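One structure below.
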Amino acid sequence: MTDVKREIERKYEAADGGPLPGLAGADGVADVVDQGVVELDAVYYDTADERLGAASLTLRRRTGGADAGWHLKFPVAPGVRDEIRAPLADTVPEEIAALVRSRVRGAELVPVVRLRSARDVRHLLDADGALLAEASVDTVTAERLNRAGGTARWTEIEVELADGADPAVLDAVEERLAEAGIRPSKAASKVAEALRRTGGSRPRSARAAEPVTAGDHVLAYLREQREAILTRDPGVRRDLPDSVHQMRVATRRMRSAFRAFGSVLDRDATAPVAAELKWLARELGTGRDQEVLADRLTEALDAVSPGQVTGPVRERLASWATARHGSTRGHLLGVLDSARYLALLDSLDTLLADPPLRKKAARKPDNVLTRALAKEGAKLSRLVTAALALPPGEDRDHALHEARKRAKRARYAAEAAVPALGGPARALARAAKKLTSLLGEHQDSVLARQTLRELAAVAHAAGESAFTYGVLYEREEQAARRAEAELPRRWHKARSAFPR
């Protein structure tokens, strides 16, 4: 069993053996209470090629202190990390291992450095005696455990915000420390400093050069999306809000780039990877579509007058949403642990390490990317025109859904081209997004009506009134008609943004 702690802290360089400056009187700090010295012993783990460190993740097994156990830290923002904690064990707990599986895959997690710290702790309290922050002077001894490396010793100051406290106290403490000549640490973490000091650390890859060719721009975009998939994976496993959606969007963006920029990347080589991305997006969509529907139907029910609600509609809807979420989540976790998913991640790495570039990839991006966007616009135009020519009904619903998928592809292609084409691509991305949103509203109404028919049938079989489901169905039908009426105007604006 794991738990999560949001860690907000700042680290500072300190002279060996130097005392902590007086902090009482800093804005909000009424008293500083000595908590004594705590001995901490932590072994940090990573793969042999330091994949976790490259992703700014830290994994350790620590003894001593009140939180002994396994700790996995994810960056959230500068100075903010989520720490996932699991009880002490001889090996990495499965709950922790799963959260780094997309990075580690088949590689072994091995000890890379050991840190032993003597932590001299002070509690910073407000006038009521409530804890504001914990300040400590850490005397650290580091020992490199893999590769050729040695030992190192240094002292640093760490200030961690207490749960629920005002972050402004950190600014006040930092100001007091600055007055004493103490500066923020250049290292992002203790383990990063340890690796630097003990030597033998694998050098980080150099900063990527600025994109020049059409191929450079497309590959830069693809690498961003690959990283987005890897970054979102732990959030999906932790059931964090919007994580499934954002991971699914990254898969779609990659597929869109493969298709839209076929003049840059050989489609014969990217097609197998695109097919696997489509599979992953479909698996992710099972849970995401259910979340969207549950929220939409709940909001619609809230908008209905009480007199139009007959029977346990809200309870049945909540039960449906909970049951569907539980089943889809279990399935999704199985997908992320599957050999097929991990093989997909390997194939992405292989493709991006040795991309199947075509001749046009070496050209300047302006003409190549502009022509690709023009082709996307022409294909979208044919779909929208055909859909609008159909009478309302299932055939039009299906045609509009196909147009929506194409509009998303055009939007993502435009986003990929923004660094090269600037304003015109940005304007196209905005116009395509608005078109996609309208078509998405229409498709959501289609799915909502299907679900309402199913729920009404279940309610009727249970002897309940189906009246409210009919009311909601009519509202969804009206929403679809409004979207269809607005489509010609929205499409006219989007079409004018595409290059000719």
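Here the structure is a predicted model, which is why all the values come from computation and not from measurement.
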(request) Compare every heavy atom of Ala30 with every heavy atom of Ala24, then report the nearest pair and how far apart it is. (result) CB-O, 4.4 Å
(request) Look only at the side chain of Ser243 and the backbone of Gly235, and say whether a donor-acceptor pair between them is shorter than 3.5 Å. (result) yes
(message) Under a 3.5 Å distance rule, please check whether Ser319 uses its side chain to pair with a backbone N or O of Arg316 as donor and acceptor.
(response) no
(message) Measuring only between side-chain heavy atoms, which start at C-beta, is Asp349 closer than 4.5 Å to Leu352?
(response) no
(request) With rounding to the nearest 0.5 Å, note down the distance linking OG1 in Thr213 to CG in Asp216. (result) 3.0 Å
(message) Once salt bridge (charged side-chain N to carboxylate O under 4.0 Å, His left out) is applied, do any residues pair with Lys73, and if so which ones, sequence neighbours excluded?
(response) Glu7, Glu83
(message) Quick check on Asp27: does its CG atom have over 12 non-hydrogen neighbours (other residues, nucleotides or ligands) under 6.0 Å away?
(response) no
(message) Taking the side chain as everything from C-beta on, heavy atoms only, tell me whether Arg116 gets closer than 4.5 Å to Glu39.
(response) no
(request) Look up atom CG in Leu348 and atom CG in Leu222, then write down how far apart they are to the nearest 0.5 Å. (result) 9.0 Å
(message) Within a 6.0 Å radius of atom CD on Glu179, are there more than 12 heavy atoms belonging to other residues, nucleotides or ligands?
(response) yes
(message) According to side-chain hydrogen bond (donor to acceptor under 3.5 Å, both in side chains), who are the partners of Lys405, at least two apart in sequence or on a separate chain?
(response) Glu402
For residues 120-134, dump all side-chain donor-acceptor pairs below 3.5 Å to protein atoms at least two apart in sequence or in another chain.
| from | atom 1 | to | atom 2 | distance (Å) |
| --- | --- | --- | --- | --- |
| Asp120 | OD1 | Arg122 | NH1 | 2.6 |
| Asp120 | OD2 | Arg122 | NH1 | 3.4 |
| Arg122 | NH1 | Asp34 | OD1 | 3.4 |
| His123 | NE2 | Glu134 | OE1 | 3.3 |
| Asp126 | OD1 | Asp128 | N | 2.9 |
| Asp126 | OD1 | Gly129 | N | 3.0 |
| Asp126 | OD1 | Ala130 | N | 2.8 |

